[in-house]
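Reading through the structure tokens given below for one structure.
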Amino acid sequence: MAEPRRNWKQVLSRFLLLDLIKGLLITFKYQAPKHCYTEQYPLVRPKVAERFRGAPRLNLDPETGESLCIACNLCAVACPEDLITVVEAVREYVDHEGKTKKKRVLVDYTYDTSRCMFCGHCQDACPTYAIELTQEFELAIYRRKDFVWSWEMLEKGIEQPIYTR
């Protein structure tokens with residue numbers, strides 16, 4: 001089967017790689033900075049959706065600075081992954097009328113972020129809005145044991161790295 005003969009324009013175009021140069025010009029035209037659609041993460045942090053659920057946090061009472069958690073254990077019961085551990089103790093105290101009463105006190109709180117599917121059931125179950133899933137999304141760590149967040153980590157949150165050039 002014989003190849004069809006080409007005219008001199010096709011031969012010259014093929015010899016000078018004109019089709020390749022046309023394609024590269026189109027590619028470079030769309031790579032100009034004014035046409036850049038890529039977010040420059042991590043230098044520029046992206047905005048996440050308003051309803052995004054990320055890293056958990058235990059909220060503090062703004063007046064007293066104490067944890068809002070009343071150790072009711074509802075978050076642990078509501079969690080489908082069973083990743084929340086609430087350790088409580090019952091302590092006696094004297095109220096303003098002089099009566100001795102008992103009160104649940106939070107002793108320890110752990111949250112295993114490696115098993116969390118960020119469903120928000122713990123947040124919905126909490127009667128005091130103590131647990132909250134924040135908009136923090138950078139949860140990568142190097143060691144598996146660091147996925148289990150302690151009470152202190154949950155109150156302080158994780159420190160976000162600051163990237164510079």
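All heavy atoms count here, side chains included; hydrogens, waters and symmetry mates do not. Quantities reported herein were computed from a predicted structural model and do not represent experimental measurements.
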Main-chain N/O of L133 paired with Q123 side-chain donor or acceptor, under 3.5 Å = yes

Interatomic distance, L60 atom CG to L154 atom CG [nearest 0.5 angstrom] | 11.0 Å

Of the non-hydrogen atoms in I70 and P127, which two are nearest, and what is the gap between them?
-> CD1-CG, 4.2 Å

dist Y142:OH -> D146:CG (nearest 0.5 Å) comes out at 11.5 Å

What residues form a side-chain hydrogen bond (donor to acceptor under 3.5 Å, both in side chains) with D108, not counting sequence neighbours?
-> none

Stepwise, does the side-chain contact (heavy atoms from CB on, under 4.5 Å) test hold for E155 with S67?
-> CA-CA 8 Å; E155 285 183 347; S67 178; 3.3 Å; yes

Quick one: do L25 and L20 end up in the same hydrophobic cluster if we chain Ile, Leu, Val, Met, Phe, Trp and Tyr together by side-chain heavy atoms under 4.5 Å apart?
-> no

Using modelled atom types only, decide if a donor and an acceptor are shared between the side chain of N59 and the backbone of Y129 within a distance under 3.5 Å.
-> yes

Please answer whether the main-chain N or O of A55 pairs with a side-chain N or O of T134 as donor and acceptor at a distance below 3.5 Å.
-> yes

Is Q135 reaching over with its side chain to a backbone N or O of A49, donor-acceptor style, under 3.5 angstrom?
-> yes

What distance separates E81 CD from C122 SG, expressed to the nearest 0.5 Å?
-> 11.5 Å

Closest non-hydrogen atom pair, T100 against E92 = CG2-OE1, 3.7 Å

Please answer: with hydrophobic residues joined when any side-chain heavy atoms are less than 4.5 Å apart, are L139 and M153 in the same cluster?
-> yes

Provide the closest heavy-atom pair for Y111 versus C116 in the form atom of the first, atom of the second, distance.
-> OH-SG, 3.1 Å

Identify the heavy atoms of C72 and R104 that sit nearest to each other, and give their distance.
-> CA-NH1, 3.5 Å

Answer with yes or no whether the hydrophobic clustering places Y109 together with V87; edges join I, L, V, M, F, W, Y residues whose side-chain heavy atoms lie under 4.5 Å apart.
-> no

Is there a chain of hydrophobic side chains (I, L, V, M, F, W, Y, each step under 4.5 Å between heavy atoms) that links I131 to L74?
-> no

Can any side-chain N or O of R115 pair as donor or acceptor with the backbone N or O of D82 at less than 3.5 Å?
-> yes

Point-to-point distance, once rounded to the nearest 0.5 Å, from CE of M117 to CZ of R53 | 10.0 Å

Taking a hydrophobic cluster as the set of Ile, Leu, Val, Met, Phe, Trp and Tyr residues connected by side-chain heavy atoms closer than 4.5 Å, whether directly or through intermediates, do F118 and L83 fall within one such cluster?
-> yes

Considering residues, nucleotides and ligands other than F15, do more than 12 of their heavy atoms fall under 6.0 Å from its CZ?
-> no

Residue pair W151 / V107: nearest heavy atoms and the distance that separates them = CZ3-O, 3.4 Å

Without swapping roles, check the side chain of T85 against the backbone of T110 for a donor-acceptor pair under 3.5 Å.
-> no

Nearest non-hydrogen partners of A71 and V86, listed with the distance | CA-CG1, 4.1 Å

Check whether any side-chain heavy atom of R45 lies under 4.5 Å from a side-chain heavy atom of F137, and answer yes or no.
-> yes

Backbone of K9 reached by a side-chain donor or acceptor of S13 within 3.5 Å | no

Decide yes or no for R57 and E136: does some side-chain heavy atom of the first lie under 4.5 Å from some side-chain heavy atom of the second?
-> no

